[in-house]
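Structure, as structure tokens:
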Number of protein chains: 2
Amino acid sequence: MDRDQTEKDDEASGQGRPTLKTLAFMTGLGVTTVSRALKDAPEIGAETRRRVQLVAKQIGYRPNRAGVRLRTGKTNVISLVLNTEREIMSFVSDIIYGVSEVIADTPYHLIVTPYSRSQDPLDPIRYLVETGSADGVIISRTQPNDPRARYMLERGIPFATHGRTDMGLIHPYHDFDNYAFATEAVRHLAGIGRRRLALLAPPVELTYHSHTLNGFTDALSEVGASEIPFNTVSVDHSIEQIRMRTAQLMRRDVRPDGFVSSAAAATLAIVAGIEDAGLKLGRDVDVVSKQSSDLLHLFRRELLVVNENFRLAGAELARSVLGWIGGATPGSLQSLSKPTGVLAYRPPD
Amino acid sequence: MDRDQTEKDDEASGQGRPTLKTLAFMTGLGVTTVSRALKDAPEIGAETRRRVQLVAKQIGYRPNRAGVRLRTGKTNVISLVLNTEREIMSFVSDIIYGVSEVIADTPYHLIVTPYSRSQDPLDPIRYLVETGSADGVIISRTQPNDPRARYMLERGIPFATHGRTDMGLIHPYHDFDNYAFATEAVRHLAGIGRRRLALLAPPVELTYHSHTLNGFTDALSEVGASEIPFNTVSVDHSIEQIRMRTAQLMRRDVRPDGFVSSAAAATLAIVAGIEDAGLKLGRDVDVVSKQSSDLLHLFRRELLVVNENFRLAGAELARSVLGWIGGATPGSLQSLSKPTGVLAYRPPD
DNA sequence: GTGACAATCTGTAACGTTTCAGTATATAGG
DNA sequence: CCTATATACTGAAACGTTACAGATTGTCAC
């Protein structure tokens with residue numbers, strides 16, 4: 001009956017990962033005190049605080065995530081939700097790096113939550129919310145009336161969207177100014193004498209479709225050019241389809257002498273289609289394209305390009321989510337990035 | 001003094017997420033029994049087991065990850081460790097999707113652990129291992145003598161490498177057969193009359209550098225062609241540098257009439273460099289390139305390409321790690337993928 | 001010397017899970 | 001009828017953390 005209290009402390013100096021108990025043992029303090037000292041609670045003596053923090057640093061103490069998560073519900077996780085087949089390749093890579101960059105010196109981890117073909121985009125969101133798997137969520141492929149944003153807004157879970165919604169609801173977002181992109185593209189094409197323009201737009205269901213389209217048509221009437229409809233394909237279509245449709249279009253009597261393309265890979269297809277029809281880029285037709293990495297000018301010197309920085313988008317989105325988690329007001333966490341360093345430039349003939 | 005026992009059960013039917021306690025309350029069983037019934041433990045009656053599992057399914061019970069992790073140490077997390085600036089773009093995206101595909105119907109989550117410029121590649125690994133943040137790890141940019149693999153092998157944490165090591169240690173890996181790629185490339189070039197070949201190799205420190213180089217030189221002597229050294233740059237160099245060096249090389253007296261390139265983006269730069277020097281692809285020189293998405297043939301019809309499937313690599317790597325976690329022997333979890341559907345084909349003049 | 005009060009520190013309980021060491025109940029063996 | 005033994009279930013403890021409700025000092029006013 002007398003051996004029960006000496007063994008109670010469980011060899012707190014053991015070789016496993018240090019815990020609060022280890023620290024308590026080493027400093028001679030209680031676990032509670034150590035816990036509070038580490039988070040600068042006010043009722044801990046200044047010297048004690050310093051002492052605890054010193055020891056903690058020395059032995060490389062790191063709070064156990066599972067312990068914190070179980071006790072507080074805080075996961076220290078940001079989830080990036082991605083569509084497995086429709087997402088642009090460079091987007092995935094750059095946005096991940098952008099997010100990483102921002103959360104690097106925070107306790108946050110980035111988890112990637114994919115959803116695949118034919119699955120309801122709401123599924124992964126429901127999963128995350130129901131299982132409380134993340135403190136914050138980043139979604140892309142945002143729609144004007146986005147059920148995911150609505151859902152998360154209702155449950156009060158912090159999130160940020162890549163692209164805006166149009167539901168009269170306020171939430172953090174980061175968006176590229178596709179309206180500005182389209183207008184600048186059209187103006188530039190008009191400036192070099194192009195009059196009949198076609199737009200390879202984003203898929204209709206996404207918000208930036210209308211942004212792009214509005215910019216395109218507004219600028220068209222501003223410069224007095226006309227539109228050659230090209231809405232049987234979007235940037236979501238396969239390379240082959242876009243190529244084929246472009247070739248078809250270019251063989252018509254009234255064919256475009258200028259293209260505006262919302263994605264780099266699609267632009268490759270457009271150019272291929274143009275050349276399939278026996279026409280020449282820069283002579284018969286000019287193409288302005290968005291790109292996210294500086295490669296299109298290697299493809300064809302004649303291409304006119306505008307840069308969209310996905311890495312920046314990732315960083316901005318991460319900042320927004322963290323801001324919301326940190327208590328900032330959602331309305332203050334919205335940002336729009338202007339077409340940067342418009343590289344559209346035509347080499348002299 | 002009498003109100004203390006009735007409230008003890010904590011309103012287990014409450015509206016929060018269902019827990020084992022909720023299930024225990026609903027079935028009238030003990031928490032322990034429910035826990036064991038859910039995992040098909042032998043000492044639970046057949047009917048009880050079915051009943052519990054039915055109720056669990058009905059109310060959508062999902063084990064709390066933090067609870068499991070705290071109790072058992074199992075994180076149900078696979079970590080993909082990536083270099084933030086050197087990783088190939090399409091690699092990141094495809095490998096993530098490949099991994100996702102495999103872990104989709106497992107309880108595993110994918111977390112991305114980045115490391116950046118000038119940081120010791122061992123840092124993120126140490127972090128993961130020390131904090132016990134993952135049950136399994138996937139690394140890329142594998143070196144012949146890879147400290148990361150050694151480290152994880154020592155600590156007994158399951159991992160898989162993209163690319164092989166050469167340390168006499170056995171561990172799961174997935175690799176593309178770059179030796180075969182290089183030999184096939186050289187043979188093909190020789191077949192169309194090319195005699196002086198240059199190789200744009202992977203960075204020397206990575207294992208697949210020597211695989212590629214060996215395949216290249218072995219095939220060179222086999223076909224009796226000669227090498228034009230081009231080792232001042234690797235696929236890790238910037239587009240601009242590769243372009244410039246290529247142009248320099250092509251202006252020399254003895255210049256290559258064939259290139260083998262280990263990466264698609266680098267190939268763009270090589271072609272640009274060739275054209276900078278006033279030469280023509282397909283006439284003065286041919287280029288064989290690896291690619292991971294089917295875009296290079298759009299860039300220049302004359303390009304000869306071999307496909308490497310990163311999505312497959314991701315899936316294979318995930319399977320390996322899960323296999324190791326599941327108790328399989330590391331030696332049985334190695335795979336090598338052959339150059340698939342070698343598209344190297346020369347359009348007739 | 002007593003009471004009040006601030007300043008510091010501490011034990012206990014709880015988050016949800018699994019494991020350990022049982023406790024009942026029934027069945028069979030002698 | 002009593003003891004073994006298998007079957008089916010259960011409570012308590014523990015993983016590491018934080019919140020709550022004290023507990024122990026010392027200081028100061030009166």
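Within every chain, numbering begins at 1; the chains are lettered A, B, ... in the order of the sequence lines, protein sequences first and strands thereafter. Bear in mind the structure is a predicted one, so any value in this text is a computation, not a measurement.
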Rounded to whole Å, please give me the gap between CG in Asn76(A) and C1' in dT18(D). 14 Å
If you assign Thr72(B) and Pro42(B) each to the DNA chain D nucleotide with the nearest heavy atom, which residue ends up on the more 5' nucleotide? Pro42(B)
Grab the CG-C1' distance between Leu23(A) and dT18(D) for me, whole Å please. 15 Å
Do side-chain atoms of Gln58(A) reach the backbone of Leu54(A) as a donor and acceptor pair under 3.5 angstrom? no
For atom CD of Glu43(A), decide whether the heavy atoms of other residues, nucleotides or ligands shown that lie under 6.0 angstrom number more than 12. yes
Sub-4.0 Å heavy-atom contacts from residues 27-35 of chain B onto DNA chain C, ordered by number: Val31(B), Thr32(B), Ser35(B)
Go through dC15(D), dC15(C), dA21(C) for me and flag the one nearest to the Arg71(A) side chain. dC15(C)
Between atom CG in Leu20(B) and atom P in dT10(D), what is the gap in whole Å? 13 Å
Side chain of Pro63(A), heavy atoms from C-beta onward: which of dT17(D), dT17(C), dC15(C) has the nearest atom to it? dT17(D)
Arg148(A) side-chain N/O to Ser140(A) backbone N/O, donor-acceptor pair under 3.5 Å: yes
Residue mapping more 5' on DNA chain C - nearest nucleotide basis, Ala66(B) or Arg36(A): Arg36(A)
4.5 Å side-chain heavy-atom contact, Arg62(A) and Arg17(A): yes
Please confirm whether the shortest side-chain N or O distance from Lys39(A) to OP1 or OP2 of dT18(D) is below 4.0 Å. yes
Between Thr165(B) (side chain only) and Asn145(B) (backbone N and O only), is there a donor and an acceptor less than 3.5 Å apart? no
Can you tell me how far P of dA23(D) sits from CD of Glu43(A), to the nearest Å? 17 Å
Validation row: Arg319(B), His174(B) side chains within 4.5 angstrom (heavy atoms): no
Could you state the CG-P distance from Leu70(A) to dG16(D), rounded to the nearest angstrom? 12 Å
To the nearest angstrom, the CG-P distance between Asn64(A) and dT18(D) comes to 10 Å
Would you say the side chain of Ile138(A) lies within less than 4.5 Å of the side chain of His162(A), judging by non-hydrogen atoms? no
Whole-Å distance between dT17(C) C1' and Leu38(B) CG? 11 Å
With side-chain contact (heavy atoms from CB on, under 4.5 Å) as the criterion, how do Thr142(A) and Tyr173(A) come out once you've worked through the C-alpha distance, each side chain's angles and the decisive distance to 0.1 Å? CA-CA 10 Å; Thr142(A) 308; Tyr173(A) 65 77; over 6 Å; no
What is the distance, rounded to the nearest whole Å, between atom CZ of Arg17(B) and atom P of dT17(C)? 7 Å
Near-strand residues of residues 44-62 of chain A, defined as heavy-atom separation under 4.0 angstrom from DNA chain C: Ile44(A), Gly45(A), Thr48(A)
Shortest non-hydrogen contact from His109(A) toward Ile103(A): C-CD1, 4.0 Å
